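Here the structure comes first, spelled out in structure tokens, and everything after it is commentary.
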Amino acid sequence: MPIRTILLAVTATLALLIGQGSSRADDKAAAAVASDDNGKYADKDGNPTFKIQPDGTVDWHTYSGYRRFNSECNVCHGADGAGSSFAPVLAESLKTMSYADFLSTVAGGRKNLSNGNDKVMPAFGDNKNVYCYMDDLYVYLRARAVGDLPRGRPAKHEDKSAAAKQAEDSCMGG
Ligand code: HEC
């Protein structure tokens, strides 16, 4: 089965489980770290989240998301998710967008051709440089939206865990 089909199937299942289409407000309290799996953090609902220490040190995945976002997404969404005349300010979108909606939008893309609009969000479901880093992109943008993460490259970050390295290698190689 092609990876894209698998990813979309997983996304669809997740969306059903979590309740796709339900827009919910996110905030710092909802995004608080409730569990730590080798430096991959999750909130109380099990959704990926960021961790920012008082001195500004971010978790590895937030840092990785910063780098991926500013190579794959910034051309339309603006540096650091600050938006452009063409595509939405993702640092705002993620205040109300669920994890499931994020996954399905990025994997499947979205066309908004109403009212002579020609804006298209490409589907990234078959682009390894994006789907191998889906959660990193999500936690980075979540940190920008509700975690007070400033614009620009985070100055300090946690080390990359062996588990993160292994997951990346197997996704990029497979
Ligand atoms: C070619 C330009 C382009 C690129 C590259 C792009 N996007 Fe988009 N994106 C758009 C447009 C345009 C929309 C709005 C579509 C609409 O109006 O429905 C959008 C919408 C979105 C939304 C929904 C936002 C909302 O408020 O509903 C998310 C989430 C998103 N993009 C994430 C990403 C991520 C993550 C990347 C990088 C992997 C990315 N996009 C790369 C053009 C782009």
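Predicted model only: the values in this text are computed from it and were never measured. Numbering of ligands and ligand atoms starts at 1, following listing order.
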Note: ligand 1 atoms sitting under 4.0 Å from heavy atoms of Val130 are 38 (C)
Report for atom 8 (Fe) of ligand 1, protein N, O or S closer than 2.8 Å, by chain and number, lists His77 NE2, Met121 SD
Take the angle between the ring planes of Phe69 and His77 and call it parallel below 30°, perpendicular above 60°, tilted in between. tilted
Note: ligand 1 atoms sitting under 4.0 Å from heavy atoms of Met97 are 23 (C), 29 (C)
Does ligand 1 have any atom sitting under 4.0 Å from a heavy atom of Glu92?
-> no
| query | Do Met172 and Asn129 have side-chain heavy atoms sitting under 4.5 Å apart? | reply | yes
In this structure, atom 16 (C) of ligand 1 is nearest to the protein heavy atom Asn112 CB, 3.5 Å
Nearest non-hydrogen protein atom to atom 41 (C) of ligand 1, with distance, is Phe124 CE1, 3.5 Å
Paired with Glu168, the salt bridge (charged side-chain N to carboxylate O under 4.0 Å, His left out) test is passed by just one of Lys160, Lys40, Lys128, namely Lys160
So the atoms of ligand 1 within less than 4.0 Å of a heavy atom of Glu72 turn out to be 5 (C), 37 (C)
Closest to atom 25 (C) of ligand 1 among protein heavy atoms sits Ser93 OG, 3.4 Å
For atom 42 (C) of ligand 1, the closest protein heavy atom turns out to be Val120 O, 3.5 Å
- Query: When you look at Phe102 and Leu141, which way does the side chain to side chain contact (heavy atoms under 4.5 Å, CB included) test go after all the steps?
  - Reply: CA-CA 10 Å; Phe102 177 82; Leu141 290 168; 3.8 Å; yes
Taking only non-hydrogen atoms of Lys119 and a 4.0 Å limit, the atoms of ligand 1 in range are 12 (C)
Are any of the side-chain heavy atoms of Ile52 and Thr62 separated by less than 4.5 Å? no
>> One thing to verify: whether Asp80 and Arg144 come together as a salt bridge, which I'm taking to mean a side-chain N less than 4.0 angstrom from a carboxylate O.
In response: no
Numbered in order shown, the ligand 1 atoms found under 4.0 Å of a heavy atom of Phe86 are 2 (C), 12 (C)
Asp135/Arg142 ion pair, N-O < 4.0 Å: no
query: Just by distance, do the side chain of Ser64 and the backbone of Trp60 share a donor-acceptor pair under 3.5 Å?
result: no
Contact region, Phe69 to ligand 1, non-hydrogen atoms below 4.0 Å, reads neither
>> Around atom CG of Asp159, are there more than 12 heavy atoms from other residues, nucleotides or ligands closer than 6.0 Å?
In response: no
Notebook entry, point to check: So, are Asp136 and Arg67 salt-bridged, with charged N and O less than 4.0 Å apart?
Noted result: no
Check: Tyr138 ring centroid to Tyr99 ring centroid under 6.0 Å: yes
